[in-house]
Amino acid sequence: MEFISQPTSLTFLAFLADQASKVIACHDAATYSNNNNNNASSSSSSSSSSRSRSSGSSSSLPALTEFVDFIVHRSSVGPGTLLAALVLLDRLRHRLAPVAKKGMPCTCQRIFLATLVVTSKLLNDTAPRNGHWMQYAYYFTVAEINLMEKQLLALLVCPSGLTAALQTS
């Protein structure tokens with residue numbers, strides 16, 4: 001009970017980041033950027049979009065540990081919500097383990113943010129709306145946060161056998 005009433009420690013935030021990083025392996029930003037630049041230069045129809053908040057420029061996104069600290073402090077999420085987020089991260093890790101490939105450099109940040117959004121909505125009667133999460137997270141647009149939330153809920157709710165059947169039909 002004492003844990004719930006104390007401020008969130010940096011050690012616990014680092015543990016959260018570590019658990020989020022175990023859900024799916026991610027490419028590092030430099031490797032991913034080089035691969036995308038090579039693919040973009042070989043494609044004549046590629047266009048560069050400049051979205052100020054978009055995660056398309058993963059080099060501006062902080063490392064996962066820094067992102068977790070950043071979002072937790074900006075959103076003032078309580079320890080109970082963070083503990084429940086750990087449960088969802090673990091469920092997601094087990095759900096994705098058989099099919100997971102390497103994600104983009106921002107995948108771990110997206111997974112953590114989506115988990116935090118969903119957990120907050122599950123546990124609180126008056127949870128922040130996705131527009132508020134956009135302000136807290138800063139690096140993602142409302143449309144991206146909406147998509148992250150939908151994808152996470154689909155992964156957690158839909159049985160894996162049904163998911164495979166839907167993908168093949």
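Treat the numbers as computed from the prediction; the structure is a model and nothing was measured.
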What residues, two or more places apart in sequence or in another chain, satisfy salt bridge (Lys or Arg N to Asp or Glu O under 4.0 Å) together with Lys22? Asp18

Set out, in order, the CA-CA distance, both residues' side-chain angles and the distance that settles side-chain contact (heavy atoms from CB on, under 4.5 Å) for Val118 and Leu153, then state yes or no. CA-CA 8 Å; Val118 168; Leu153 289 171; 3.8 Å; yes

Quick one: are Leu156 and Arg95 in side-chain contact, heavy atoms under 4.5 Å? no

Please identify each residue that fulfils side-chain hydrogen bond (donor to acceptor under 3.5 Å, both in side chains) with Glu149, with sequence neighbours left out. Lys121, Asn130

Test of understanding: with side-chain hydrogen bond (donor to acceptor under 3.5 Å, both in side chains), list the residues that count as partners of Arg93, not counting sequence neighbours. Asp90

Please identify each residue that fulfils side-chain hydrogen bond (donor to acceptor under 3.5 Å, both in side chains) with Asp69, with sequence neighbours left out. His73

Path from Phe70 to Ile145 over hydrophobic side-chain contacts below 4.5 Å: yes

Any side-chain heavy-atom pair of Phe15 and Val68 under 4.5 Å: no

Taking all atoms of both residues into account, what is the closest heavy-atom pair of Ser120 and Ala127, and its distance? O-CB, 3.5 Å

Using a cut-off of 6.0 Å, state whether more than 12 heavy atoms not belonging to Arg74 lie near its atom CZ. yes

Point-to-point distance, once rounded to the nearest 0.5 Å, from OG1 of Thr119 to CG of Leu123: 6.5 Å

Please enumerate all residues that pass side-chain contact (heavy atoms from CB on, under 4.5 Å) together with Leu147, with sequence neighbours excluded. Gln151

So, does Thr107 use its side chain to make a donor-acceptor pair with the main chain of Met104 at under 3.5 Å? yes

List, one per line, each side-chain donor-acceptor pair under 3.5 Å for residues 76-88, sequence neighbours excluded.
none

Any pair counted as ring-ring contact (aromatic ring centres under 6.0 Å, His included), so long as it reaches residues 103-136, sequence neighbours left out: Trp133-Tyr136

Is there a donor-acceptor pair closer than 3.5 Å between any side-chain N or O of Gln109 and the backbone N or O of Pro62? yes

Hey, what do you get for CG (Leu116) to CE (Met148), rounding to the nearest 0.5 Å? 12.0 Å

Heavy-atom distance under 4.5 Å between the side chains of Tyr139 and Glu144, does that happen here? no

Separation between CG (Leu16) and OG (Ser21), nearest 0.5 Å, reads 11.0 Å

Going through the checks in order, is the side-chain contact (heavy atoms from CB on, under 4.5 Å) test met by Ile71 and Tyr138? CA-CA 9 Å; Ile71 187 91; Tyr138 180 73; over 6 Å; no

Does any non-hydrogen side-chain atom of Ser75 lie less than 4.5 Å from one of Pro128? no

Met134 versus Val142, closest heavy-atom pair with distance: SD-CG2, 3.4 Å

What's the spacing between Lys150 NZ and Leu155 CG if we round to 0.5 Å? 14.5 Å

